[in-house]
Protein chains: 2
Amino acid sequence: MTKPILLDEQLCFSIYQAHKVFNHFYAKALEPFHLTYSQYIVLLVLWEQGSLSVKSLGQEVGLDSGTLTPLLKRLEKDGWVTRQRSKEDERRLDVSLTDKAKQQKDVIYAHVGSCIDAIGLSNDQYNQVKSDVERVQKLLSNVPDTTFAKN
Amino acid sequence: MTKPILLDEQLCFSIYQAHKVFNHFYAKALEPFHLTYSQYIVLLVLWEQGSLSVKSLGQEVGLDSGTLTPLLKRLEKDGWVTRQRSKEDERRLDVSLTDKAKQQKDVIYAHVGSCIDAIGLSNDQYNQVKSDVERVQKLLSNVPDTTFAKN
DNA sequence: CTCAAATTAAATGTAAACAATTTATTAGAA
DNA sequence: TTCTAATAAATTGTTTACATTTAATTTGAG
């Protein structure tokens with residue numbers, strides 16, 4: 001059966017809306033630290049993995065240099081990261097956390113964690129939705145380009 | 001139990017990624033018509049409901065005039081909609097479909113529909129994910145602002 | 001070794017999204 | 001009736017996102 005065309009019945013719209021509500025949620029949660037959601041996930045990766053090149057960082061978060069370069073410049077301006085050319089390969093730019101970022105890690109983790117707990121999702125629900133969404137995402141990624149040819 | 005802080009284990013990130021893949025999917029599907037996803041959902045609402053004010057349109061799609069005004073100007077420039085002040089209330093701007101938009105409706109429905117079918121989601125899966133995502137979205141919307149206070 | 005191909009980041013241009021402010025119009029209380 | 005409130009859209013400014021192009025550096029084939 002063909003999928004519905006009514007806006008309210010479309011999965012893409014649910015995900016689009018959920019993304020926006022999540023963005024708003026994180027905007028609120030990160031307000032005390034003057035961080036956006038995108039900036040936060042970049043910091044998350046650096047907290048997890050240490051210094052990375054723009055390229056590697058981009059692979060982790062799914063963003064290219066067109067998005068990351070200005071974002072990282074803002075993070076640098078606000079004292080969260082440093083950016084410097086790699087000695088081994090001058091094409092690379094190494095992004096590292098500042099002391100401020102390292103020190104704030106636990107505070108931010110704790111605050112964001114408590115906000116997430118307040119959503120009121122059980123662990124089972126949380127994991128259920130997450131795996132469902134990931135299945136959709138994988139299916140979407142695998143749709144071949146030939147699908148879109150118009151006859 | 002506290003929700004995970006590892007990026008890969010976070011629901012927000014799954015939804016963020018799924019949103020981006022959906023955007024790319026619709027960019028491809030709508031390429032023949034030179035429409036973006038946001039423009040498409042605006043047309044969907046107008047196809048469903050006929051002429052609407054910017055305000056009403058915004059309530060349907062969850063966008064404000066700051067986003068809609070330039071988007072609608074582009075749709076007008078490309079010949080999809082007309083924009084004119086309401087006679088009854090000069091504050092309102094009525095957005096209506098052009099003949100071109102009305103004529104293209106079925107072609108666009110058919111093409112997008114066939115692309116969606118190609119994703120390979122069963123109806124059960126589709127509805128399952130959709131209702132899960134909507135539950136999360138509702139829970140997120142209901143998180144009170146006091147949650148975000150930092151002590 | 002040399003130079004074309006590949007790689008990396010930055011730059012450019014377009015579109016979205018949203019908060020906050022501004023402008024114009026309308027409605028409603030005094 | 002008047003003039004303040006509220007409403008609607010547009011404007012301004014910031015950030016994100018991505019495609020495409022550009023610039024610098026490195027690699028590797030010959």
Side-chain angles (χ1 to χ4, degrees), chain A residues 12-13 15-28 30-31 34-43 52-59 61-78 80-81 83-95 145, chain B residues 12-13 15-28 30-31 34-42 52-78 80-81 83-95 145:
Chain A
C12 60
F13 192 63
I15 288 179
Y16 171 66
Q17 297 287 61
H19 159 68
K20 290 205 291 183
V21 193
F22 253 123
N23 237 324
H24 184 254
F25 172 87
Y26 276 92
K28 283 285 181 188
L30 296 167
E31 203 168 78
H34 306 291
L35 287 169
T36 65
Y37 176 68
S38 309
Q39 292 168 354
Y40 169 71
I41 61 176
V42 163
L43 290 183
L52 288 174
S53 69
V54 173
K55 171 87 172 181
S56 312
L57 201 48
Q59 283 167 339
V61 296
L63 295 171
D64 68 3
S65 69
T67 304
L68 284 175
T69 297
L71 187 154
L72 291 169
K73 283 180 178 172
R74 275 173 226 119
L75 281 179
E76 184 180 49
K77 182 171 66 63
D78 295 343
W80 296 101
V81 303
R83 301 158 66 244
Q84 52 182 14
R85 288 285 155 189
S86 160
K87 287 293 177 207
E88 305 101 61
D89 186 340
E90 295 254 330
R91 289 170 304 180
R92 286 208 304 264
L93 188 77
D94 289 329
V95 182
D145 272 9
Chain B
C12 60
F13 192 63
I15 288 180
Y16 171 67
Q17 297 288 60
H19 159 68
K20 290 205 291 183
V21 192
F22 252 123
N23 236 324
H24 183 254
F25 172 88
Y26 274 92
K28 283 284 180 189
L30 295 167
E31 203 168 75
H34 306 292
L35 287 169
T36 65
Y37 176 68
S38 311
Q39 291 168 356
Y40 169 71
I41 63 177
V42 163
L52 288 174
S53 68
V54 172
K55 170 88 172 182
S56 312
L57 202 47
Q59 284 167 339
E60 294 294 324
V61 296
L63 295 171
D64 67 4
S65 69
T67 303
L68 284 175
T69 296
L71 187 155
L72 291 169
K73 283 179 178 172
R74 277 173 225 122
L75 281 178
E76 185 180 47
K77 182 172 66 64
D78 296 342
W80 295 101
V81 304
R83 301 159 67 244
Q84 52 181 13
R85 288 285 156 188
S86 160
K87 286 294 176 205
E88 305 101 60
D89 186 340
E90 295 255 327
R91 290 170 303 180
R92 287 208 304 263
L93 187 77
D94 289 329
V95 182
D145 271 9

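All figures in this text were calculated on a predicted structure; none of them were measured in a lab. Chain naming here is simple, since letters A, B, ... match the order of the sequence lines and numbering starts at 1 in each.
One atom, NZ of Lys73(A), and another, C1' of dA10(C), lie 7 Å apart when rounded to the nearest Å. Leu30(A) places its CG atom 20 Å from the P atom of dT14(D), with the value rounded to the nearest Å. dA9(D) atom P lies 8 Å from atom CG of Asp89(B), rounded to whole Å. Residue Asp94(A) contributes atom CG, which lies 12 Å from atom C1' of dA9(C) at whole-angstrom precision. Taking atom CG on Leu93(A) and atom P on dT25(D), their separation rounds to 13 Å, with Å as the unit. If you take NZ of Lys20(A) and P of dA17(D), they are 14 Å apart, rounded to a whole angstrom. In this structure, NZ of Lys28(B) is placed 11 Å from C1' of dA19(D), rounded to the nearest angstrom. Note: NZ (Lys87(A)) to P (dT25(D)) measures 13 Å, nearest angstrom.
When each of His24(A) and Arg83(A) is assigned the nucleotide of DNA chain C with its nearest heavy atom, Arg83(A) is the one assigned upstream, toward the 5' end. Looking at which nucleotide of DNA chain C each of Glu88(B) and Arg74(B) is closest to, the 5′-most match is held by Arg74(B).
Panel note: side chain Asp78(B), backbone Trp80(B); no donor-acceptor pair is recorded below 3.5 Å. One N or O on the side chain of Asp89(B) and one on the backbone of Arg91(B) form a donor-acceptor pair closer than 3.5 Å.
Residue Arg85(A) has its side chain nearest to dA10(C) when only dA10(D), dA17(C), dA10(C) are considered. You'll find that the side chain of Thr67(B) is closest to dA17(C), out of dT25(C), dA17(C), dA19(D). Checking dA17(D), dT16(D), dT26(C) against the side-chain heavy atoms of Thr36(A) singles out dT16(D) as nearest. Of the candidates dA9(C), dA17(C), dA17(D), dA9(C) carries the atom nearest the Thr69(A) side chain, counting heavy atoms from C-beta on. Nearest nucleotide to the Asp64(A) side chain, out of dA16(C), dC18(D), dT16(D): dC18(D).
Taking only side-chain nitrogens and oxygens, Ser65(A) never comes nearer than 4.0 Å to OP1 or OP2 of dA11(C). Between Tyr16(A) and dA17(C) there is a side-chain N or O to OP1 or OP2 distance below 4.0 Å. Contact check, Arg92(A) against dT25(D): no side-chain N or O comes under 4.0 Å of OP1 or OP2. Phosphate proximity of dA15(C) to Ser38(B): absent, as no side-chain N or O sits under 4.0 Å from OP1 or OP2.
Using the six-membered ring where Trp is involved, Phe22(B) and Phe25(B) have ring planes that are perpendicular, over 60° apart on the 30 and 60° scheme. Using the six-membered ring where Trp is involved, Tyr26(B) and Tyr37(B) have ring planes that are tilted, between 30° and 60° apart.
Nucleotide dC18(C) has dG13(D) as its partner under the Watson-Crick or G-U criteria, with both atom distances under 3.5 Å. Nucleotide dT26(C): unpaired (no Watson-Crick or G-U wobble partner with both distances less than 3.5 Å).
In plain terms, the two heavy atoms of Val81(A) and Leu72(A) that are nearest each other are CG2-O, 3.9 Å.
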Close N/O contacts between protein and nucleotides 1-7 of chain C (under 3.5 Å):
unit_1, atom_1, unit_2, atom_2, d
dT7(C), O2, Arg91(A), NH1, 3.1

